[in-house]
> 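Dumping the structure here so I can ask a few things about it.
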Amino acid sequence: MELLPLFPLGTVLFPGLVLPLHVFEPRYRTLVQHLTELPASLPREFGVIAIRRGWEVGRQTETADASITAGESLSLYEIGCAAEIRQITELPDGRFDLMTLGRRRFRLLGLARNDDPYLTGEVEWLPEPKGEPDREGELAAGVLAAYQDYLRAVRADEDGEQLPDDPTVLSHLVAATASLTLEDRQALLSEPDTASRLKAERALLRRETALLGQVRAVPVALSDLAVPSSPN
């Protein structure tokens, strides 16, 4: 177990993905200042963890991904990703622009008590097992094909993109770049291994591609959208 400063956000960060941040709240300015004071030999990192609000989400009856209650109106998902600061730009008024990179996943075990204005979590680092090494290539190829189909459905006038061959890197990239809900992304981050994540992504991509094929925007003249006035 280690202590890690936390930065709750309304998004999900994946290992290897870039996350730019604009820091303006005083407590997170303090967090950045504390990180800049660390010795050069230590990584300047904090935990990005998605926010899940509401009393009901903190109940322990949820078995898939129990949340940690941080306050009356704030609860956090259990699985997050450490972000390492790669670039800091301090603005004249004390705000910061950060360029961060996702490093490794963690499980939030609890919240530590200290005098810092920001949250600090007790975390354990999660491994990145392959899951099914003998099916790794097959699953990656299936996700590659499904993602290319998805991209063509999103942007019908463009060809597919070049994607990484490494299955784990691919699984994180697809999870971060497809237009999915926060809950879908959080579920993908929480998958125990690469094979499980690829299987889930293949199903999600096929679902999203099918929905895009059914829902089409039909352009109409603005006059057709006008609502007739009524004497009543």
Side-chain angles (χ1 to χ4, degrees), residues 7 9-22 43 45-51 64-65 77-87 97-107 125-217:
F7 201 135
L9 290 172
T11 189
V12 179
L13 176 63
F14 289 86
L17 273 295
V18 172
L19 176 66
L21 289 172
H22 178 66
E45 65 179 3
F46 53 86
V48 171
I49 192 158
I51 297 170
D65 190 10
Y77 280 99
E78 183 186 14
I79 307 299
C81 180
E84 182 177 6
I85 298 177
R86 293 298 183 90
Q87 181 178 332
D97 284 331
L98 307 181
M99 188 61 66
T100 72
L101 181 69
R103 292 192 63 232
R104 48 184 174 165
R105 298 184 305 145
F106 64 84
R107 175 178 285 108
W125 301 109
L126 298 178
E128 290 290 344
K130 297 182 182 299
E132 300 179 50
D134 55 331
R135 296 194 59 203
E136 193 176 39
E138 170 197 345
L139 292 170
V143 169
L144 276 170
Y147 191 60
Q148 298 289 14
D149 289 342
Y150 166 79
L151 290 178
R152 282 189 285 269
V154 172
R155 304 175 305 207
D157 58 337
E158 295 186 22
D159 295 330
E161 297 181 359
Q162 186 68 33
L163 297 171
D165 295 326
D166 182 275
T168 300
V169 176
L170 173 67
S171 73
H172 291 148
L173 177 65
V174 169
T177 56
S179 295
L180 302 173
T181 65
L182 184 144
E183 289 77 13
D184 284 338
R185 285 200 173 100
Q186 183 64 42
L188 292 174
L189 182 70
S190 303
E191 291 289 349
D193 52 60
T194 297
S196 299
R197 188 175 302 110
L198 289 171
K199 290 177 183 178
E201 287 172 345
R202 184 173 56 187
L204 285 170
L205 290 170
R206 289 173 176 172
R207 181 196 73 186
E208 293 300 308
T209 302
L211 289 173
L212 287 168
Q214 295 172 9
V215 180
R216 298 295 183 186

> If you look at every heavy atom in Ser171 and Leu198, which pair is closest and at what distance?
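Closest pair (atom of Ser171, atom of Leu198, distance): CB-CD2, 3.8 Å.
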> Test of understanding: with salt bridge (charged side-chain N to carboxylate O under 4.0 Å, His left out), list the residues that count as partners of Arg105, not counting sequence neighbours.
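Arg105 satisfies salt bridge (charged side-chain N to carboxylate O under 4.0 Å, His left out) with Glu128 once adjacent residues are dropped.
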> Does Phe46 reach the side chain of Ile85, with side-chain heavy atoms less than 4.5 Å apart?
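In short, these two side chains touch, coming nearer than 4.5 Å.
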> Using modelled atom types and a 3.5 Å cut-off, is there a donor and acceptor pairing between side-chain atoms of Thr100 and backbone atoms of Leu19?
yes
> Considering non-hydrogen atoms only, spot the tightest contact between Ala82 and Glu45 and give its length.
CB-OE1, 3.8 Å
> With sequence neighbours excluded, what pairs up with Thr11 under the side-chain hydrogen bond (donor to acceptor under 3.5 Å, both in side chains) test?
none
> For the residue pair Pro15 and Cys81, what are the closest heavy atoms and their distance?
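Nearest pair, atom of Pro15 first, then Cys81: N-SG, 3.7 Å.
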> Could you tell me whether the side chains of Thr194 and Thr168 share a donor-acceptor contact shorter than 3.5 Å?
yes
> Taking atom NZ of Lys130 and atom CG of Leu139, what is their separation to the nearest 0.5 Å?
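These two atoms lie 12.0 Å from each other.
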> How long is the span from the CG atom in Leu21 to the CG atom in Leu13, to the nearest 0.5 Å?
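If I round to the nearest 0.5 Å, the distance is 8.5 Å.
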> Restricting to side chain to side chain contact (heavy atoms under 4.5 Å, CB included), what partner residues turn up for Asp165, sequence neighbours left out?
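Here no residue qualifies.
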> For the residue pair Glu138 and Glu132, establish whether any side-chain heavy-atom pair is separated by less than 4.5 Å.
no
> Please enumerate all residues that pass side chain to side chain contact (heavy atoms under 4.5 Å, CB included) together with Ala50, with sequence neighbours excluded.
Val12, Tyr77, Leu182, Gln186
> How long is the span from the CD atom in Glu201 to the CG atom in Leu188, to the nearest 0.5 Å?
5.0 Å
> Apply side-chain contact (heavy atoms from CB on, under 4.5 Å) to residues Val143 and Arg197 and explain how you reach the verdict.
CA-CA 10 Å; Val143 169; Arg197 188 175 302 110; over 6 Å; no
> Going by ring-ring contact (aromatic ring centres under 6.0 Å, His included), name the residues that satisfy it together with Phe106, two or more places apart in sequence or in a different chain.
none
> Give every residue pair that meets the salt bridge (Lys or Arg N to Asp or Glu O under 4.0 Å) criterion with at least one member in residues 176-193, sequence neighbours excluded.
Asp184-Arg207
> Specify the closest pair of heavy atoms between Ala140 and Leu170, including all atoms of both residues, with the distance to one decimal.
O-CD2, 3.6 Å
> Sequence neighbours excluded, which residues qualify as side-chain hydrogen bond (donor to acceptor under 3.5 Å, both in side chains) partners of Asp166?
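Partners of Asp166 under the side-chain hydrogen bond (donor to acceptor under 3.5 Å, both in side chains) test: none.
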> Can you sort out the partners of Leu101 under side chain to side chain contact (heavy atoms under 4.5 Å, CB included), two or more places apart, ordered by chain and number?
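Result, side chain to side chain contact (heavy atoms under 4.5 Å, CB included) vs Leu101: Val18, Arg86.
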> Determine the minimum heavy-atom distance between Thr209 and Ala146, stating which atoms define it.
OG1-O, 4.3 Å
> Does Arg107 have any salt bridge (charged side-chain N to carboxylate O under 4.0 Å, His left out) partners at least two apart in sequence or in another chain, and if so, which?
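Result, salt bridge (charged side-chain N to carboxylate O under 4.0 Å, His left out) vs Arg107: Glu78, Glu124.
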> Can you tell me how far apart CG (Leu9) and CD1 (Ile51) are? Round to the nearest 0.5 Å.
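The CD1 atom of Ile51 is 6.5 Å from CG of Leu9, to the nearest 0.5 Å.
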> Who are the salt bridge (charged side-chain N to carboxylate O under 4.0 Å, His left out) partners of Glu208, not counting sequence neighbours?
none
> By the salt bridge (Lys or Arg N to Asp or Glu O under 4.0 Å) test, which pairs, at least two apart or in different chains, include something from residues 140-151?
Asp149-Arg152
> When you measure from the side chain of Tyr150 to the backbone of Ser179, do you find a donor-acceptor pair of N or O atoms at a distance under 3.5 Å?
yes
> Taking only residues two or more places apart in sequence or in another chain, which ones pass side chain to side chain contact (heavy atoms under 4.5 Å, CB included) with Pro192?
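With neighbours one apart ignored, the set is Ser196.
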> What is the minimum heavy-atom distance between Ile79 and Ile49, and which atoms define it?
O-CG1, 4.2 Å
